[in-house]
Each structure stands twice: as structure tokens, then as C-alpha cells.
There are 2 protein chains.
Amino acid sequence: MQNSDALSLTAALLAAAGELTRRINEGVVARGFEGRPAYGYAFTRLARGGATVTELAAHLGVTKQAASQLVDELVRKGYVERRPHPVDARARLLELTERGRACTRAAEEAAAEVVGEWSELLGEGEVRVLREQLGRIAPHGPVRPVW
Amino acid sequence: MQNSDALSLTAALLAAAGELTRRINEGVVARGFEGRPAYGYAFTRLARGGATVTELAAHLGVTKQAASQLVDELVRKGYVERRPHPVDARARLLELTERGRACTRAAEEAAAEVVGEWSELLGEGEVRVLREQLGRIAPHGPVRPVW
DNA sequence: AAGAGATGGTCAAGCAGATTGACCATCTGC
DNA sequence: GCAGATGGTCAATCTGCTTGACCATCTCTT
């Protein structure tokens, strides 16, 4: 294997990830929600039961201040609520509103649409293999690309 | 296929792309070059003969002003030279310096190192299939992820 | 040959999303 | 019950990018 092939794999990964992210965002917007891709990564964390700002920050790989600003935005747009934490009076439990859950579903639909196209191209089994292999090579990769 | 699986494929793609990008950058730094991941995408364009700022901007998917600022930085650090364009007096031809080419080689080595690990995990053939499939599903994807 | 519009590039100002640093309230362990 | 750790916010700042304005040069049409 040539060294330069390794860079082309990087480019292919970034192209595929970028394309998918872009089209999910488009699909979400087309379904009547406003947002930027970062929302999705917050939603996937919040969807499995609430989280604190600090937990969300860790999930996103940003400071808690940055996560807090994002949450401000999500609250302002009606996707998330800040509720008192049941056992820790310092903390607040972030929870998706009904609209937040609807937006999550819209993202899933949009993603499924694109992946559906890919399945037609490669076959459904191949796409499944792709996901499994990606999971094996970067099980703890960052949720968002570094650059 | 469940809709939610489509999002997990997105996450896996982003994780793998982010991990690879991060490790290439680490490897480049470890080899004595300073930079951020964006450099690499500029280098790959400049490596195949020079380019103008406008062409570089198109390659990177940013405005020509942003590309010009990046080039300022690359020139300041000694990776790139602005030379007069042979046939167009408005334009300038950007070219990698010897140091710029060395940095490109360092990135290729670093990338090959990571991909080598992946080959041990999946097998070399599987990695090649991975690259080909990614190329098929997003042949015109953006060089950098949208978010 | 010349003028109009397109194009390459830069300067300047502003914005968005992130960071660092300081701070307060509350929790936890000795 | 006190000391230190932790959750969260406010404020200031930074970085990378955008938009808008502008000049020099190219290209097309006549």
C-alpha cells in the first residue's frame, strides 16, 4: 500500500461524513426545523434520558461553557428544557421537549433516506458491513471531526 | 433497517474521520511540523502542480478571502510560496516549498501508520474495499465536513 | 483598437462558535 | 463542619470564516 493511498482514504472518509452530515441537515430543515449539524449530536445524547451540561460537553468534546451556550440556543428555539436536577441542586437536567423529539425523528428520517440511497448503490448488506467496520476501527473516535 | 441505524452510521463515519484526522495531525506535529488539519487539504491540492488562490478556495469549499488568509499563514510558516503566474498577471501561482513537500510526506507517513493499524484489524483487502465503497457513495463530497 | 464586463486578489469590518479565567452555589469526604 | 471538588454561569477574548468594497488585469464584443 502506498502512503498516498492513506490520505485518499482520509479524504474519502471526510467526503462521506461531510456529505451525510450536510444532507441530514438539509432534510431536517426541509421538514420544518431550523438547526445546524451540532444540534444533532446534542440530541443523540439527550435522547437517552436527560444529561447535565457537563455531561453534554464531554459528549461533544467542547468546554462546558460552549455546551452551555449551545443549550441556551436549543432552549430559545424550544428543543430543550432546563429542569432542576432531582438529586443535585447545583446541576440542571437537560431534557428534550416534544418538539426536540420531533426534530430528532426528522433527522433519523433524513439520515435513513440517504443511507437508503447508499444501500441501493452498494447493497444493504454492504452498508451494514461498512458500519460495523467503521465501528471497529474507531470505537472511541470523537463525535465531531477535529478540524 | 431502523432509522436510528442511519444516525449510528453517521456517528461511525464522523468518529473514524475525526480519529484519522486527529492522528495524522499528531503525527505531523511529532515529526517536527506545526500545523492544523486544514493545512493537509491545501497541501494535497498544491502538491499536484501549483494552484491559484481561487482554485484553492474552490477545493477547500471556502471563500477566496479565507483561502488567502490560510495561504498567508502557510507562507509565513515557510510551507508555500506565492510566485507570479506565468500567463496571467492578475493571478499568483502558489507552490509548495521544499519544507512544504516534507510536511506533506510527514502527513502521508502518519496516515499510513494509522491505516496500517486498521489493516491489521480488518485485513488489508477490507480496508481497500472500504476506501472504494466510500468513494462510490460520496464521490463529490466536500473535502471538509460541513459542521 | 477600445470599452464593458468578468475575474483574480487583497483590505477591512463583522460574526459565530469556541476558549480561558473568574466566580458562586452546592456537594463530598475527612 | 470545614476544605476541596464539582456544576454552572458571566465576561472577555481568540480564531477562522463571511460579506462588502475595491483595484488590476483579462476577455469578449463590436
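All values below come from the heavy atoms of this structure, side chains included, with hydrogens, waters and symmetry mates left out. Numbers restart at 1 for each chain; the letters A, B, ... are given by sequence-line order, proteins then strands.
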Closest to the 5' end of DNA chain C, once Ala89(A) and Glu73(A) are matched to their nearest nucleotides, is Glu73(A)

Electrostatic pair Arg76(A)-Glu73(A), nearest N-O below 4.0 angstrom = no

From the options dG8(C), dG7(D), dT19(D), select the nucleotide whose nearest atom is closest to the side chain of Arg90(B).
-> dG8(C)

Among dA18(C), dT18(D), dG9(C), which nucleotide sits nearest the side chain of Thr52(B)?
-> dG9(C)

For atom CD of Glu98(A), is the number of surrounding heavy atoms from other residues, nucleotides or ligands below 6.0 Å larger than 12?
-> yes

Just how far, in rounded Å, is P of dA16(C) from CZ of Arg76(A)?
-> 11 Å

Phosphate contact (dT15(D) OP1 or OP2) by Arg36(B) side-chain N/O below 4.0 Å | no

Nearest-angstrom distance from the residue atom CG of Leu70(A) to C1' of dG17(C) | 10 Å

Taking only the side-chain heavy atoms of Asp88(B) (C-beta and beyond), determine which of dT26(C), dG8(C), dA18(C) contains the nearest atom.
-> dG8(C)

Kindly say if Arg92(B) contacts the phosphate of dA24(D), meaning a side-chain N or O under 4.0 Å from OP1 or OP2.
-> no

Nearest-Å distance, OH (Tyr41(A)) to P (dA18(C))?
-> 13 Å

Starting from P on dT15(D), measure out to CD on Glu34(B) and report it in whole angstrom.
-> 13 Å

Contacts of Gln69(B) and His85(A) projected onto DNA chain D by closest heavy atom; the upstream (5') one is His85(A)

Under-3.5 Å donor-acceptor pair between Gln65(A) side chain and dG21(C) base | yes

When all nucleic acid strands are considered with a 4.0 Å heavy-atom cut-off, which category describes Ser68(A): base, sugar-phosphate, or nothing?
-> sugar-phosphate

Does Thr54(B) have a side-chain nitrogen or oxygen under 4.0 Å from the phosphate oxygens OP1 or OP2 of dG9(C)?
-> yes

How many Å lie between CG on Asp72(A) and P on dG17(C), as a whole number?
-> 12 Å

Which of the following nucleotides, dT18(D), dG9(C), dG8(D), is nearest to the side chain of Lys64(A)?
-> dG8(D)

Walk me through it: do Thr21(B) and Tyr41(B) pass the test side chain to side chain contact (heavy atoms under 4.5 Å, CB included)?
-> CA-CA 11 Å; Thr21(B) 306; Tyr41(B) 303 102; 3.9 Å; yes

Look at the side chain of Ala91(A) and decide which nucleotide, out of dG8(D), dA18(C), dT10(C), has an atom nearest to it.
-> dG8(D)

Tell me what Ala66(A) touches on the nucleic acid: a base, only sugar-phosphate, or nothing, going by heavy atoms under 4.0 Å.
-> base

Pairing of Glu126(A) and Arg136(B) as salt bridge, 4.0 angstrom limit | no

Please determine if Arg105(B) and Glu108(B) form a salt bridge, counting it only when a charged side-chain N lies under 4.0 Å from a carboxylate O.
-> no

